[in-house]
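Every chain is numbered from 1 and lettered A, B, ... according to where its sequence line falls, protein lines coming before strand lines. All heavy atoms count here, side chains included; hydrogens, waters and symmetry mates do not.
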2 protein chains.
Amino acid sequence: MTTLSPTPTFLDETNAERIVAVLREDIVRLTLKPGDPVSESETALRFGVSRQPVREALIRLSQLGLVNVRARKATRVVPISEKAVLDARFVREALEVEIMRRAAQMATPGWDRELRLLLGSQEEAVAAQDLSAFHALDEAFHRKIAELAGVGFVWDLIDAQKAQLDRVRFMTLDSNLALSLEEHKAITAAILAGDGAKAEGVLRKHLGKITTHLATGRQRFPDYFVSR
Amino acid sequence: MTTLSPTPTFLDETNAERIVAVLREDIVRLTLKPGDPVSESETALRFGVSRQPVREALIRLSQLGLVNVRARKATRVVPISEKAVLDARFVREALEVEIMRRAAQMATPGWDRELRLLLGSQEEAVAAQDLSAFHALDEAFHRKIAELAGVGFVWDLIDAQKAQLDRVRFMTLDSNLALSLEEHKAITAAILAGDGAKAEGVLRKHLGKITTHLATGRQRFPDYFVSR
DNA sequence: TGCCTCAATCTGGTATGGAAGATTGCGGCG
DNA sequence: CGCCGCAATCTTCCATACCAGATTGAGGCA
């Protein structure tokens, strides 16, 4: 039974916001499976609140494309759609390519330390084969580059897209951490060298892996996908 | 007094959705000015509904970055922030550059007719100096390219960003329609010729105009902007 | 057996009232 | 005159009740 943290009442965080965070995690990690119904009243019971904050959380999640809310029809976790995933990839790639270009232009020697720090932590995660740690560090790495390039805001958008992509990633439990780390290193080197085109090329390949994950994921969990 | 269309009840469109559309337009067209309070109860009275659908509309608008909803503080139209506008431009440019590249790669002779049709309508709007018609056609043109490139979905994201940009545009009443039309023609030609780099170049310049609008807008309406 | 009908029960959308924190303005005091 | 405190009034957030359409399942009929 998930209950809302009664103690911290973190700043002014509202119930609805906490519910969004929990449900989003449930959906991305496939605890709530694609197609599962997410009833307002049941969810309200689960969190020990009324329907209202749940309802508002679902509105937010629907804007993230994670649930499908229609009048007088059951709200459901949206099935994974190949098109939606590829669209999300398109958006992420477009945004992050531009970030890479900008980062390569702006790079200063001072960046070296910050990036190598993150790469070091990734080394450890790879050595320990700690998937979830690496996943978190992966995100931190990409976000850090955006922040260094002065467009940290953009990462919030990418994060929204990533929800679609992460569901696929969690289906396949992408495990080639060493390769990802190598690509991160290549990206870092290209940026520090001011070679935007190189960074762009590596990034596109880096992100392209989602297509193979998509195929294997679809094979392993066909009923998580929208029929076509 | 704005009242909700009582007749159509368009499909299953909900009150909250209609309110979103109206308020968004009010904000983008500066009928609701940056900093203006948008009270739940007053807005409910205005639309002749209860506070609940208004509240949900405000949640959606806050996710679009148009209003600022905080617990127990007055909800207000977010002031225009130079950074937010430039961020929105960054996002739009990144996405649309990628669309242009893709469009140039995929272009077929069949596209010619569709695009020239829109350009023709724009000619008329320019001749009539009909700003709002041109504005609508401008959006239709960019959206059409995205659709032709098979990524119409992406335009929904751009549309969300455009809300920030359009507020500035409405402040300055950008009137150099002829120049915009010329750029549209250049973009069309580049795409049909398969010259992605050329299309990208023109587009970047096309979108770059926002910076001058930002300057003049800030000069004319300083109190619409966030202080810094 | 198979299908059709209808009622019980589900769904999300809306209305309303109350609660607690924020804001505001007035009145008293130094 | 200026400042402080408090009460009236605002705000959003949440709980509860009700509504109409959708779904479902059981029962009756052919």
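- One can place CD of E40(A) at 14 Å from C1' of dC14(D), the figure rounded to the nearest angstrom.
- Taking 4.0 angstrom as the limit, S39(B) places a side-chain polar atom (N or O) nearer than this to OP1 or OP2 of dT11(D).
- Rounding to whole angstrom units, CG of residue N68(A) and P of dT11(C) are separated by 16 Å.
- The aromatic rings of F170(A) and H135(A) sit perpendicular to each other, their planes meeting at more than 60°, with 30° as the lower class boundary.
- In this structure, T75(B) and Q52(B) both approach DNA chain D, and ranking their closest nucleotides by distance from the 5' end singles out T75(B).
- Residue S50(B) has no polar side-chain atom (N or O) positioned under 4.0 Å from OP1 or OP2 of dT14(C).
- Distance CD1 (I59(A)) to C1' (dG12(C)): 10 Å, rounded to an integer number of Å.
- In this structure, the CZ atom of R72(A) is 11 Å from the P atom of dT23(D), given to the nearest Å.
- Comparing R76(A) and L58(B), the nucleotide of DNA chain D nearest to each residue sits closer to the 5' end for L58(B).
- Side-chain proximity of R51(A) to the nucleotides dA22(C), dT11(C), dA17(D) is greatest for dA17(D).
- For V49(B), the listed nucleotide lying nearest its side chain is dA15(C); candidates were dA15(C), dT14(C), dT11(C).
- Ring geometry for H206(A) versus H184(A): interplanar angle over 60°, hence perpendicular rather than tilted (30 to 60°).
- Shown here is K83(A), whose NZ atom has more than 12 heavy atoms of other residues, nucleotides or ligands within 6.0 Å.
- In this model, the phosphate group of dG12(C) is not approached by any side-chain N or O of T14(B) to a distance below 4.0 Å at OP1 or OP2.
- N15(B) pairs in a side-chain contact (heavy atoms from CB on, under 4.5 Å) with only one of the listed residues (R18(B), E13(B), E17(B)), which is R18(B).
- Between dG12(C) and S41(A), no contact under 4.0 Å exists linking OP1 or OP2 to a side-chain N or O.
- Scanning atom types as modelled, no donor and acceptor separated by under 3.5 angstrom connect the side chain of R55(B) and the base of dG13(C).
- The side chain of V69(A) sits closest to dG12(C) out of dT11(C), dC13(D), dG12(C).
- Counting atom types as modelled, R70(A) pairs no side-chain N or O with a base atom of dG21(D) as donor and acceptor under 3.5 Å.
- The residue V54(B) sits apart from the nucleic acid: no heavy atom pair falls under 4.0 Å.
- Using a 4.5 Å heavy-atom threshold, the side chains of L61(A) and V20(A) count as touching.
- Candidate nucleotides dT11(D), dT14(C), dA15(D) were compared by shortest atom distance to the side chain of E56(B), and dT14(C) ranks first.
- Here dC13(D) presents its P atom at 13 Å from CD of E13(A), a figure rounded to the nearest Å.
- Atom CG of N15(B) and atom P of dC19(D) are 17 Å apart (whole Å).
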